[in-house]
Amino acid sequence: MLGRLKNLFSSTPIDPNSFRAPMSSTSLAKPEIATFAAGCFWGVEHIFLKHYPPSQNKGIISTSVGYTGGNPLVTNPSYRLVCGGATDHAEALKIEFDPSIVSYAELVEFFYRTHDPTTVNRQGGDTGSQYRSAIFTHSDDQAAIAKRVTEEVQAKHFTPKGKKIVTEILPAGTWWDAEDYHQLYLFKNPDGYQCPTHRLHW
């Protein structure tokens with residue numbers, strides 16, 4: 001966490017609108033939401049936007065980082081409170097996407113490609129329940145897809161290595177946006193802290 005707090009408030013101004021895209025004018029589908037937790041949300045948001053930039057019409061419309069999956073009695077949690085571990089919220093990424101361009105299954109598989117889902121409450125050197133691996137589903141269909149893709153990824157990429165996915169698959173609950181300075185953090189701070197597990201693993 002100390003590495004993350006270093007130079008937290010020294011950032012380069014960017015236009016957030018450049019990381020948002022309109023829904024495709026030819027799409028007959030409605031936008032959907034996907035919510036993933038995979039460790040430090042700076043790196044999770046960065047790698048999704050790096051590979052699905054809204055400006056290239058690859059299906060992601062917008063993203064936001066925030067907190068979810070915690071104690072329902074705790075409202076509007078702060079970064080400091082979440083990092084303390086007492087609220088049990090996960091740092092997470094909320095993605096608005098166009099399902100006519102990118103499927104939910106593809107996003108779930110990409111989620112697994114870009115972190116280590118076999119460590120409990122840990123990504124790299126970051127430890128604590130806020131760094132757990134979790135998929136927060138927004139419908140029964142999403143839950144079924146998430147479970148199917150998890151089984152496929154387990155069989156193909158982790159069973160041969162003798163490892164087991166520990167990712168939670170849970171219905172999405174209340175979402176709290178993180179503070180503004182966390183949004184698009186690694187685009188504002190290119191030299192900022194990034195968890196080493198946030199890369200393409202296959």
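Below, all heavy atoms of this structure are taken into account, side chains as well, without hydrogens, waters or symmetry copies. Just so you know, residue 1 is the first one in the sequence shown, and it goes up from there. This one's a predicted model, so the numbers in the text were calculated from it and none came from an experiment.
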Using 30° and 60° as the class limits, which term best fits the ring planes of Y67 and H182: parallel, tilted or perpendicular? perpendicular
Looking at Q183 and A178, would you say the former's side chain and the latter's main chain have a donor-acceptor pair under 3.5 Å? yes
Do F158 and V166 belong together in a cluster built from hydrophobic side chains that touch within less than 4.5 Å? no
Gap between atom OG of S55 and atom CD1 of I60 - 0.5 Å precision: 11.5 Å
Could you walk me through whether Y79 and E91 pass side chain to side chain contact (heavy atoms under 4.5 Å, CB included), step by step? CA-CA 9 Å; Y79 178 67; E91 292 190 17; 3.7 Å; yes
Parallel, tilted or perpendicular: which fits the ring planes of Y193 and W42, with parallel below 30° and perpendicular above 60°? perpendicular
Shortest non-hydrogen contact from L186 toward H46: CB-CD2, 3.5 Å
Test your reading of the model: is there a side-chain donor-acceptor pair from E106 to the backbone of V102, 3.5 Å cut-off? no
Just by distance, do the side chain of K163 and the backbone of P117 share a donor-acceptor pair under 3.5 Å? no
Partner set under ring-ring contact (aromatic ring centres under 6.0 Å, His included) for F48, not counting sequence neighbours: F36, F110
Within one Ile-Leu-Val-Met-Phe-Trp-Tyr cluster: F136 and W176, side-chain cutoff 4.5 Å: no
Show the nearest heavy-atom pair for residues W202 and V153, with the distance to one decimal. CH2-CG1, 3.7 Å
Taking L184 as the starting point, is it possible to reach Y181 by hopping between hydrophobic residues whose side chains are less than 4.5 Å apart? yes
Distance-minimising heavy-atom pair for A34 and Y104: CB-CE1, 3.7 Å
Nearest non-hydrogen partners of A37 and A90, listed with the distance: CB-CB, 3.9 Å
Using modelled atom types only, decide if a donor and an acceptor are shared between the side chain of R132 and the backbone of D88 within a distance under 3.5 Å. yes
In this structure, OH of Y52 is separated from CD1 of I47 (nearest 0.5 Å) by 10.5 Å
Begin from the C-alpha positions of D98 and I61 and carry the test side chain to side chain contact (heavy atoms under 4.5 Å, CB included) through to its verdict. CA-CA 7 Å; D98 182 341; I61 299 169; 4.2 Å; yes
Side-chain heavy atoms of L200 within contact of H51, under 4.5 Å: yes
Interatomic distance, I165 atom CD1 to T119 atom OG1 [nearest 0.5 angstrom]: 11.5 Å
Taking all non-hydrogen atoms of both residues, which atom of G124 and which atom of C195 are closest, and how far apart? N-SG, 4.0 Å
For Y131, is there any backbone N or O sitting under 3.5 Å from a side-chain donor or acceptor partner on Q123? no
Does a donor on one side chain and an acceptor on the other come within less than 3.5 Å for T150 and Y112? yes
Is the side chain of Q142 donor-acceptor paired with the backbone N or O of I33 at a distance under 3.5 Å, no angle test? yes
Hey, what do you get for OG1 (T114) to CZ (R199), rounding to the nearest 0.5 Å? 10.5 Å
Check ion pair R113-E109 (N to O, under 4.0 angstrom): no
Is it true that I145 and L170 fall in one hydrophobic cluster, defined by side-chain heavy atoms closer than 4.5 Å? no
Can you tell me how far the CD atom of E45 sits from the CD1 atom of I95, to the nearest 0.5 Å? 9.0 Å
Taking the side chain as every heavy atom from C-beta outward, state whether H198 and H115 have any pair of such atoms under 4.5 Å apart. yes
Taking T68 for its side chain and T174 for its backbone only, find out whether a donor-acceptor pair lies under 3.5 Å. yes
Can you tell me how far apart CD (Q56) and CD1 (I101) are? Round to the nearest 0.5 Å. 12.0 Å
To check you understand the geometry: which heavy-atom pair defines the closest contact between T35 and A92, and what is its length? CG2-CB, 4.3 Å
Check whether V65 and W175 end up in the same hydrophobic cluster, where Ile, Leu, Val, Met, Phe, Trp and Tyr are linked by side-chain heavy atoms less than 4.5 Å apart. no
Among T118, T159, T167, find the residue that satisfies the side chain to side chain donor-acceptor pair (under 3.5 Å) test when tested with Q154. T159
